[in-house]
Novice: 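This is the structure I want to talk about, given as structure tokens.
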Amino acid sequence: MSLRILHTADNHIGIPFARYPDGVRERLLEERFAALERIVATANERRAHFLVVAGDLFDKQAVPKAMVERTVSILARFDGEQVLVLAGNHDYHEGGDNKLWRWFREAAEGSCVLALSEPGTTRFSCDEVEVHFHACPCPSKHGEEHRIGWVADLEKTAGVLHIGLAHGNVEGLGLDAEQRYFNMTEQDLRAAGVHTWLLGHIHVPAPAVGTVGMPLFFMPGIHSPDSVKCSHPGHAWWLELDADGSCRHELLSTGALRFVRLKRELLDAGGIAALGAECARLDAANTLLDLQLGGRLKEVELAELRQRLDALKPAFLHLSCELDIAAVLDATAIAAKFPEGTLPHELLHALLDDAAHPGDAHDALEIIESLQRA
Ligand SMILES: [Mn+2]
């Protein structure tokens, strides 16, 4: 019999999404909860023994009580043995009376939801599998040293599945140049002597899909995208583990929204049409699209582009656009800048007439204008 675990982390409930207009912000706030609901539903469908949240369930300590209660009520719908919720570096527990974790515990009382905000081992036995979870929560937002050292010193009972739970950077996986995020090396993780680690913090999943055997650690990545920095659909790990070291794992997709940034240089009508086709392939109703458009267009092409953008806007959940498009140089534009008979006027015309080198006139104009500014 294997132990079945659904492993999520970095749900960041309570991200304010303040830069978005009202309706969009609501949808983004709701998606953090909706993706968590999907995770609990999947865990129930697959009859998971455990649902593990490996830190940063909340975006910060200062989330409203109602948000904590709503989150716990979603997790409490889990039908399996236990939901284990580790304190991460955003929802850290510094010890003593911490409002977030007090509210969490109060809301979770009598349910299957367990806060792991203090280091320690929690033991379970289900379907003849004995499992020990060794929890290493974060006591602060930043930390130079990881919190997993004590696990190596533990006596590990044989025949028991030992699983470490921690939150922080893994060297080589994420960038932590200033050593601020409880950085763990593979050696540190291996030295702990557990079967595997269920980690959180890095918003991209690991190990790579197709990895065989028992990986040293799992990182689920954020459960639903929170910005253009997230290029995946949001993930969680489905794990089937045995104390003999056998392991089956499957990466699940759990998010319903996408943030997409398209950075394009537009030089003609063909470029505008290609951009239009690219946008048409996106799932507009569930996409926040950020266009960053540069290049050089004729006046009529620019008007066509603006019209297309106006037409796209209502279809997308959100569309923002940065236009940095210069005007194409033609006889009228040259005359407006340099009177006939002047050297730039003659030079630009000569270059414009040279069909074999279409970009030269624009390059020359840029040089002339930079000299004028100097
Ligand atoms: Mn984190």
Side-chain angles (χ1 to χ4, degrees), residues 6-17 28-29 31-33 35-36 39 51-63 67-68 71 75 83-95 98-101 104 115-119 133-149 151 163-186 188-189 196-207 216-232 234-237 254-255 259:
L6 206 153
H7 168 209
T8 180
D10 299 283
N11 316 88
H12 288 275
I13 285 172
I15 298 179
F17 296 108
L28 290 166
L29 290 170
E31 168 62 10
R32 310 313 301 162
F33 292 107
L36 194 66
I39 284 172
L51 172 57
V52 170
V53 186
D56 290 359
L57 173 60
F58 299 103
D59 188 53
K60 48 185 173 287
Q61 280 195 330
V63 288
M67 213 177 251
V68 177
T71 304
L75 294 175
V83 182
L84 302 171
V85 182
L86 187 78
N89 73 307
H90 278 258
D91 49 12
Y92 63 89
H93 188 202
E94 69 277 48
N98 170 298
K99 210 163 54 175
L100 170 65
W101 290 102
F104 189 94
L116 300 177
S117 62
E118 321 255 353
F133 290 99
H134 307 291
C136 311
C138 295
S140 50
K141 175 117 195 221
H142 298 113
E144 275 182 37
E145 275 168 37
H146 64 70
R147 314 293 298 177
I148 68 174
V151 181
I163 298 177
L165 307 177
H167 188 97
N169 187 56
V170 178
E171 205 160 290
L173 192 65
L175 198 65
D176 187 10
E178 289 167 48
Q179 303 274 314
R180 296 196 315 152
Y181 295 106
F182 308 98
N183 196 51
M184 299 167 267
T185 65
E186 290 203 0
D188 298 327
L189 292 164
T196 192
W197 283 94
L198 307 186
L199 304 179
H201 187 60
I202 296 176
H203 288 188
V204 182
L216 178 60
F217 64 88
F218 290 93
M219 188 74 81
I222 199 160
H223 77 323
S224 185
D226 64 337
S227 77
V228 289
K229 281 187 251 166
C230 176
S231 59
H232 63 77
H235 289 297
W237 279 111
T254 50
F259 292 76

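All residue numbers in this chain count up from 1 along the given sequence. Just so we're clear, the structure is a prediction, and the values are computed from it rather than from any experiment. In listed order, ligands and their atoms are each counted from 1.
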Novice: Could you state the interatomic distance from CE (M219) to CG (D10), rounded to the nearest 0.5 Å?
Specialist: 7.5 Å
Novice: Look only at the side chain of D56 and the backbone of H90, and say whether a donor-acceptor pair between them is shorter than 3.5 Å.
Specialist: yes
Novice: Is there a side chain to side chain contact (heavy atoms under 4.5 Å, CB included) between F17 and E31 once you walk through the steps?
Specialist: CA-CA 12 Å; F17 296 108; E31 168 62 10; over 6 Å; no
Novice: Closer than 2.8 Å to the Mn ion (ligand 1): does that hold for any N, O or S atom in Y181?
Specialist: no
Novice: Under the side chain to side chain contact (heavy atoms under 4.5 Å, CB included) criterion, do L36 and L57 qualify, and how do the steps go?
Specialist: CA-CA 10 Å; L36 194 66; L57 173 60; 4.2 Å; yes
Novice: Hey, are H167 and N89 close enough side-chain-wise for a donor-acceptor pair under 3.5 Å?
Specialist: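 There is such a pair between these side chains.
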Novice: With a cut-off of 2.8 Å, does any N, O or S atom of H167 fall short of it relative to the Mn ion (ligand 1)?
Specialist: yes
Novice: Taking just the N, O or S atoms of D56, which one is nearest to the Mn ion (ligand 1)?
Specialist: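 Answer by atom name: OD2.
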Novice: Tell me which N, O or S atom from H201 is the closest to the Mn ion (ligand 1).
Specialist: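 Restricting H201 to its N, O and S atoms, the minimum distance to the Mn ion (ligand 1) goes to ND1.
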Novice: Check whether any N, O or S atom of D10, backbone or side chain, sits closer than 2.8 Å to the Mn ion (ligand 1).
Specialist: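 Given the 2.8 Å cut-off, D10 does not count as a ligand of the Mn ion (ligand 1).
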Novice: At less than 2.8 Å, would any N/O/S atom of C138, backbone or side chain, sit next to the Mn ion (ligand 1)?
Specialist: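 Checking the Mn ion (ligand 1) against C138, no N, O or S atom falls under 2.8 Å.
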